Amino acid sequence: MHLYVDTADLDLIETYARSGVIDGVTTNPSIVAETEYTYHEVVASIAERIDGPVFAQVIADDVSGMVEQGRAYDAWAPDVIVKIPATTAGYEALDRLRGEGIRAGVTVLFSVSQAVLAAKNDATFVAPYVGRLTDAGEDGLQVTRDIQAAFDAYGFDTEVLAASVRNTQQARELYRAGVDALTLPPSVFEASFDHHKTDEGLAGFRDDWGDRGDPLRADASEDQR
Ligand code: E4P
């Protein structure tokens with residue numbers, strides 16, 4: 001499976017990359033607009049900091065604009081995946097970009113039907129928005145499970161990339177479902193390392209170790225010197 005982080009914060013990305021557990025970075029226009037940089041600068045800077053793809057979303061809403069932006073994004077760094085919205089024009093742009101061998105997939109996606117159409121166009125990924133569906137009173141987790149089940153049944157290569165994940169409980173359910181990939185916002189990614197019993201267990205080990213000193217010392221007599 002692939003685990004991505006959904007951010008354009010370069011300091012966080014550097015830290016997360018050092019953890020060794022992330023496979024790439026996803027961005028969208030809102031995330032990039034929070035920075036002081038151009039989309040090109042953001043993608044190039046992220047690409048320098050990670051070993052894996054940077055996902056960049058087209059801004060245009062017409063076919064030729066999306067294709068033009070997709071081609072440009074693809075040339076910004078060696079490992080860019082273009083994000084295209086799930087609109088009628090988006091599917092046409094996707095077909096053209098995939099025909100040129102450019103990696104591209106469908107985002108802002110909310111249904112199994114949208115996902116299957118994307119896979120028919122050989123999308124590199126589909127990104128169902130789990131949190132936004134759930135916020136709207138729908139079952140975002142189930143929609144994502146259904147997409148994964150349909151893709152597995154048909155043998156599609158398109159990666160199911162669960163997006164808009166709001167908390168670690170949603171992430172856990174997506175892991176349980178064996179979803180191909182998740183992108184997590186910084187808050188959920190960081191919370192994924194934590195468990196209160198880990199903190200409690202470590203406090204106990206520290207207390208028990210007390211003043212026993214350096215665990216690397218050769219023998220207890222070194223403490224007396
Ligand atoms: C996906 O790649 C999107 O960038 C993102 O997950 C959207 O999440 P949001 O609903 O928190 O904006």
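Start at 1 with the first residue, then count along the sequence. All values derive from a computational prediction rather than experimental measurement. Note that ligands are numbered from 1 as they come in the structure, with each ligand's atoms numbered from 1 the same way.
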Query raised in the report: Got an N/O contact under 3.5 Å between Thr27 and ligand 1?
Result: no
Query raised in the report: Below 3.5 angstrom, do we get any N/O pair linking Thr107 and ligand 1?
Result: no
Report task. Taking the side chain as every heavy atom from C-beta outward, state whether Ser19 and Phe189 have any atom pair closer than 4.5 Å. Result -> yes
What's the shortest distance from [atom] to any protein heavy atom, and which residue and atom give it?
atom                    : value
atom 5 (C) of ligand 1  : Asp6 OD2, 2.8 Å
atom 11 (O) of ligand 1 : Arg166 NH1, 2.9 Å
atom 4 (O) of ligand 1  : Asn28 ND2, 2.7 Å

Query raised in the report: Hey, is Gln57 one of the residues with a heavy atom under 4.0 angstrom from ligand 1?
Result: no
Can you find a side-chain donor-acceptor pair between [X] and [Y] that sits under 3.5 Å?
X      : Y      : result
Thr27  : Tyr39  : yes
Gln142 : Arg145 : yes
Glu190 : Tyr16  : yes

**Report entry** Distance filter under 4.0 Å to Lys83 heavy atoms, resulting ligand 1 atoms
**Finding:** 1 (C), 2 (O), 3 (C), 4 (O)
Requested in this report: Taking only heavy atoms of Arg132 into account, list the atoms of ligand 1 that are under 4.0 Å away from them.
Outcome: 9 (P), 10 (O), 12 (O)
Residue pair [X] / [Y]: nearest heavy atoms and the distance that separates them:
X      : Y      : value
Gly65  : Ala60  : C-CB, 3.5 Å
Ala119 : Phe156 : CB-CD1, 3.3 Å
Val160 : Asp180 : N-OD2, 2.9 Å

Report summary line: Quick look: Tyr129 vs ligand 1, heavy-atom contacts under 4.0 Å, and the answer is side chain
